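Numbers here are sequence positions counted from 1. Values reported hereafter were calculated over all heavy atoms of this structure, with side chains retained and with hydrogens, waters and symmetry mates removed. Because the structure is a prediction, the values reported are computed rather than measured.
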Amino acid sequence: MTLKYSAPSVTSFVVVFGGVLLAALMGWGAGISFVIPLVLAIAVLGALMLGLKFEHTVLTLLCLRSAIDVFSEQQLPAMFAIGLDLLAMAYVALLLLTRQKVHTGRFFWFFAGWVAFQGLWVVLLPMGGLGMGAGHTMTALREWIRLFSWVMVYLLVMQLKDKIHPKTVVKMLFLSLILPLCAAVLQLVLPASALPEFLAPRGNAFTALENASRVNGTLGHPNTLVTFLVLFLGLLYWQMTHSKRPWPWVVLMGVVMFFIVSTKALVGLVMTGILLMALIIPRITIAKFVGVTALMVAIVALFGSTEFGRERLMVFGTLPFFNDDLDLSRVFVLRGLTTNSFYWRLEQWTLLLDAWQDERWLGYGWGASRFLTPFENEPHNDYVRALVEGGIVGLISYLTFFAGVATQLVHTCRSHLSARPQVDLALVLLGILVAMMVGMVTENIWTHTALFFYWLTLIALCSWDWKEPNRLKHQTQGEKTYV
């Protein structure tokens with residue numbers, strides 16, 4: 001049997017993005033909700049491409065994922081996740097029925113088993129086994145479906161193995177930056193009143209100064225955008241170090257760093273610094289250390305070049321850890337008299353930990369933490385979230401997941417020493433893991449679905465055999481056949 005494979009061209013992806021965007025804009029201009037033509041365009045496009053090329057369909061859906069969080073109110077991310085789950089299950093069922101190989105790997109089974117275990121909290125809720133009542137079951141179920149979609153993304157990407165080279169997949173993923181950064185440019189140059197409704201600041205979460213100073217692209221929140229950009233900053237660094245022409249990638253890294261600064265997210269500064277240090281540690285030299293230090297100084301200086309940026313940086317000087325005159329009780333008093341969001345976080349964590357005392361072992365159920373304090377907000381600490389929602393068992397399970405990811409990446413480094421690009425990508429993903437786990441101390445990174453979609457995609461790529469057969473070496477030169 002002769003099978004044919006061809007690499008997706010950049011032109012085809014540009015046509016895809018252009019077609020979807022044009023259809024959505026035409027509908028919006030006609031007075032229809034922007035999200036309706038967008039959903040229809042993606043649905044038609046997905047159906048057509050599924051019939052033509054499975055690998056094109058998967059890559060296109062992955063690239064589009066970064067553009068839909070701004071439509072959360074219309075439930076588009078949820079519809080996207082369910083659609084992706086159905087696509088994955090249907091394709092795997094087809095492979096099984098036709099007795100073709102389904103690519104998985106040991107990490108997939110660990111990941112799938114871990115997500116299945118998280119279903120325990122969904123089952124216990126209607127049985128009255130957790131702190132929240134049965135009325136919270138749908139919230140917990142939605143959270144579990146979100147996790148399940150991560151497994152399906154991993155499984156779908158694994159099915160691309162032997163169909164397309166991993167380096168080609170990475171290059172295609174850079175197209176995911178286009179729509180978020182284009183939206184961020186509009187948010188920088190246009191006043192809020194001139195922006196389309198789905199890109200304009202919404203609600204009372206930010207002050208007027210924040211609205212005028214921060215960008216969120218199509219990710220819905222500056223912190224969500226900045227973690228997404230930190231991931232791609234690491235990926236661009238990897239691409240630069242393995243490219244014969246590194247300067248275009250250096251320019252793109254500069255662009256991404258500019259938008260990281262434009263989010264005015266302190267967690268972005270911290271994660272960027274940790275990632276940059278993690279990238280140079282494996283082969284550190286004095287020159288690299290000086291270069292990274294100078295780069296971070298420049299980033300911090302650019303961050304503080306605006307009034308709001310300086311306000312954000314001053315937060316560090318007012319933290320209780322650096323001020324002997326402040327204790328926890330005074331922090332609670334000052335919380336309502338200052339814009340220092342860290343004071344609010346401390347009170348939120350204290351209230352959540354007090355609530356956890358009543359449900360120590362199994363917690364209150366997934367998604368419950370935002371309903372346990374008067375603030376009705378996310379915990380802004382993913383470790384507190386895991387402890388409160390899952391109890392001690394849930395926190396151990398949460399940490400086990402990241403330990404499993406780290407083990408998988410270390411195994412990749414040890415077992416593919418002769419494939420330097422593969423090892424270096426695994427090291428980049430380890431650096432991002434460290435940055436994420438530090439960022440989780442003060443942010444809701446666990447809720448950044450787009451970040452995990454792309455991170456898990458790259459982890460799946462790392463598990464492939466990068467010693468490519470001849471059929472995959474020169475995909476971009478045209479269609480190849482093999483028996």
Answer yes or no: is there a side-chain heavy-atom contact under 4.5 Å between [X] and [Y]?
X    : Y    : answer
I145 : D85  : yes
M271 : L229 : no
Y383 : L387 : no
T218 : F71  : no
V388 : P379 : no
H448 : F228 : no
Q187 : L195 : yes
V434 : L430 : no

If you measure from [atom1] on [X] to [atom2] on [Y], what distance do you get to the nearest 0.5 Å?
X    : Y    : atom1 : atom2 : answer
L62  : L175 : CG    : CG    : 11.5 Å
L451 : T227 : CG    : OG1   : 4.5 Å
L156 : L61  : CG    : CG    : 8.5 Å
L141 : W121 : CG    : CH2   : 15.5 Å
L362 : L124 : CG    : CG    : 6.5 Å
H136 : L125 : NE2   : CG    : 6.0 Å

All pairs passing salt bridge (Lys or Arg N to Asp or Glu O under 4.0 Å) where [range] contributes a residue, at least two apart:
range            : result
residues 419-439 : R283-D424, R420-D424
residues 428-441 : none
residues 429-451 : R345-E443

Do other residues, nucleotides or ligands put more than 12 heavy atoms under 6.0 Å from the NZ atom of K171?
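Atom NZ in K171 is not crowded, with 12 or fewer foreign heavy atoms closer than 6.0 Å.
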Going through the checks in order, is the side chain to side chain contact (heavy atoms under 4.5 Å, CB included) test met by I280 and L276?
CA-CA 7 Å; I280 67 170; L276 291 176; over 6 Å; no
Atom of [X], atom of [Y] and distance for their closest heavy-atom approach:
X    : Y    : value
L173 : F232 : O-CE2, 3.4 Å
A368 : M132 : CB-CG, 3.6 Å
C462 : T412 : O-CG2, 3.4 Å
V441 : N381 : O-ND2, 2.8 Å

Reference residue W150; test ring-ring contact (aromatic ring centres under 6.0 Å, His included); the match among F452, W455, F108, Y454
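Going through F452, W455, F108, Y454 one by one, the ring-ring contact (aromatic ring centres under 6.0 Å, His included) with W150 is satisfied by F452 alone.
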So, using side-chain hydrogen bond (donor to acceptor under 3.5 Å, both in side chains) as the criterion, who are the partners of [X] when residues are at least two apart?
X    : answer
S369 : E389
T373 : Q348
E376 : none
D382 : R385

Check against side chain to side chain contact (heavy atoms under 4.5 Å, CB included), I274 and M436
CA-CA 9 Å; I274 292 172; M436 285 167 52; over 6 Å; no
Looking at [X] and [Y], would you say the former's side chain and the latter's main chain have a donor-acceptor pair under 3.5 Å?
X    : Y    : result
W464 : Q422 : no
N444 : T447 : no
W366 : G390 : no

Any residue meeting side-chain contact (heavy atoms from CB on, under 4.5 Å) with A78, in chain and number order, not counting sequence neighbours
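A78: side-chain contact (heavy atoms from CB on, under 4.5 Å) contacts with Q75.
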Listed partners of V250 passing side-chain contact (heavy atoms from CB on, under 4.5 Å), at least two apart:
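For V250, the residues satisfying side-chain contact (heavy atoms from CB on, under 4.5 Å) (neighbours in sequence not counted) are M240, W247.
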Apply side chain to side chain contact (heavy atoms under 4.5 Å, CB included) to residues L130 and Y364 and explain how you reach the verdict.
CA-CA 5 Å; L130 301 179; Y364 289 86; 5.8 Å; no
Please lay out, stage by stage, how L275 and Y237 fare under the test side chain to side chain contact (heavy atoms under 4.5 Å, CB included).
CA-CA 10 Å; L275 175 61; Y237 175 86; over 6 Å; no
When the ring centroid of F107 is compared with that of H411, is the distance short of 6.0 Å?
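No - the distance between ring centres of F107 and H411 does not fall below the 6.0 Å cut-off.
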What is the ring orientation for Y154 with F111, classed by angle as parallel under 30°, tilted 30 to 60°, or perpendicular over 60°?
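Plane angle over 60°, so perpendicular.
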Does E143 have any salt bridge (Lys or Arg N to Asp or Glu O under 4.0 Å) partners at least two apart in sequence or in another chain, and if so, which?
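Once residues adjacent in sequence are excluded, the partners of E143 under the salt bridge (Lys or Arg N to Asp or Glu O under 4.0 Å) criterion are R146.
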Listing, residues 397-409 side-chain donor-acceptor contacts under 3.5 Å, not counting sequence neighbours, or none:
residue, atom, partner, partner atom, Å
S397, OG, W114, NE1, 2.9
S397, OG, Q118, NE2, 2.8
T400, OG1, I396, O, 2.6
T407, OG1, A403, O, 2.8

For residues 255-304, pull every pair meeting ring pair (Phe, Tyr, Trp, His ring centres under 6.0 Å), keeping only residues two or more places apart or in separate chains.
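As it turns out, there is no ring pair (Phe, Tyr, Trp, His ring centres under 6.0 Å) pair with a partner in residues 255-304 once direct neighbours are skipped.
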